[in-house]
Amino acid sequence: PGQDNLFRCFQISVWAGKVYRTHGHALIFVCLDNNRFNTIAMKFWPLIAVFLLSLPSMQGQSSRLSKADSYFSEGKLEAAIPLYHQVLQRQDVPHAKINLAEAYYGIGDYHSAANWFALVTPMEECQPVHQLKYGYALLHSGKCETAIRWFNIYLEQRPFDPRKPDLLNACDKYQSLKNKSKGQVE
């Protein structure tokens, strides 16, 4: 039996570094005969190298997103926010944007929430509740007229919402509450 008929098998082990705080690894087995291996290796070695080098960062990115999602679902919004920012610096993940907007809204940072909801509203994943929260975030940021516009967009999709009269008069109510609070002693 000649060596030409034997298959070569290569095991490539890629370990995730400490930077990503993971202990997992990926094993890739490549089994090719001599001629096919040489041809494929020569043509595609740059792509293979880039793929192998990106495995640890993809693993770190997905673990960072998983951790952020975990914090978010546990109500640890302040811990989730920086992780979502790190994920979004490297790739566009729609649900990370949505959760980031929701997290800022949840901690009462309405200015940041409004900025993120502004990015969420044109997305396919946007739900009417995001439009409503965007309106509330704008209202709390002092942008009444823009808030009313988003409340109207929300109400087009949810015309029987019992909050409709309050939403349509939100600027007047907001201004009235603001005036009352100025006259009170803290």
For residues 155-171, which side-chain donor-acceptor pairs fall under 3.5 Å, sequence neighbours excluded?
| from | atom 1 | to | atom 2 | distance (Å) |
| --- | --- | --- | --- | --- |
| Gln157 | NE2 | Gln131 | OE1 | 3.0 |
| Asp161 | OD1 | Arg163 | N | 2.7 |
| Asp161 | OD1 | Arg163 | NE | 3.0 |
| Asp161 | OD2 | Tyr154 | OH | 2.4 |
| Asp161 | OD2 | Arg163 | NE | 3.4 |
| Asp161 | OD2 | Arg163 | NH2 | 2.7 |
| Arg163 | NH2 | Tyr154 | OH | 3.3 |
| Asp166 | OD1 | Lys173 | NZ | 3.0 |
| Asn169 | ND2 | Pro165 | O | 3.1 |

Output a table of donor-acceptor pairs, distance under 3.5 Å, between side-chain atoms of residues 133-151 and any protein atom two or more places apart or on a different chain; print 'none' if there are none.
| from | atom 1 | to | atom 2 | distance (Å) |
| --- | --- | --- | --- | --- |
| Lys133 | NZ | Glu102 | OE1 | 2.6 |
| Ser141 | OG | Ala137 | O | 2.8 |

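In this structure, His111 places its NE2 atom where only 12 or fewer heavy-atom neighbours from other residues, nucleotides or ligands lie under 6.0 Å away.
A donor-acceptor pair under 3.5 Å links the side-chain atoms of Ser73 to the main chain of Asp69, judged by distance alone.
The residue from Leu83, Leu119, Leu100 that alone fulfils the side-chain contact (heavy atoms from CB on, under 4.5 Å) condition with Leu88 is Leu100.
Between Ile81 and Ala103 the shortest heavy-atom distance is CG1-CB, 3.7 Å. Nearest heavy-atom pair, Asn99 versus Phe72, reported as atom, atom and distance to 0.1 Å: O-CE1, 3.3 Å. Taking every heavy atom of both residues into account, Tyr104 and His85 meet most closely at OH-NE2, 2.8 Å.
Lys76 is linked by a side-chain hydrogen bond (donor to acceptor under 3.5 Å, both in side chains) to Glu74, counting only residues two or more places apart in sequence or in another chain. The side-chain hydrogen bond (donor to acceptor under 3.5 Å, both in side chains) check on Asp172 picks up nothing, with sequence neighbours excluded.
Sorted by first then second residue, the salt bridge (Lys or Arg N to Asp or Glu O under 4.0 Å) pairs that include residues 112-122, not counting sequence neighbours, number zero. Pairs engaging residues 117-132 under the salt bridge (Lys or Arg N to Asp or Glu O under 4.0 Å) rule: none recorded [sequence neighbours left out].
Note: the hydrophobic cluster containing Leu77 does not contain Tyr105 (ILVMFWY, side chain heavy atoms under 4.5 Å, direct or indirect links). Hydrophobic clustering of Ile, Leu, Val, Met, Phe, Trp and Tyr side chains at less than 4.5 Å, counting indirect connections, keeps Trp116 apart from Tyr110.
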### Task
Show your working on side chain to side chain contact (heavy atoms under 4.5 Å, CB included) between Leu65 and Tyr84 and close with a plain yes or no.
CA-CA 7 Å; Leu65 182 58; Tyr84 283 129; 3.9 Å; yes
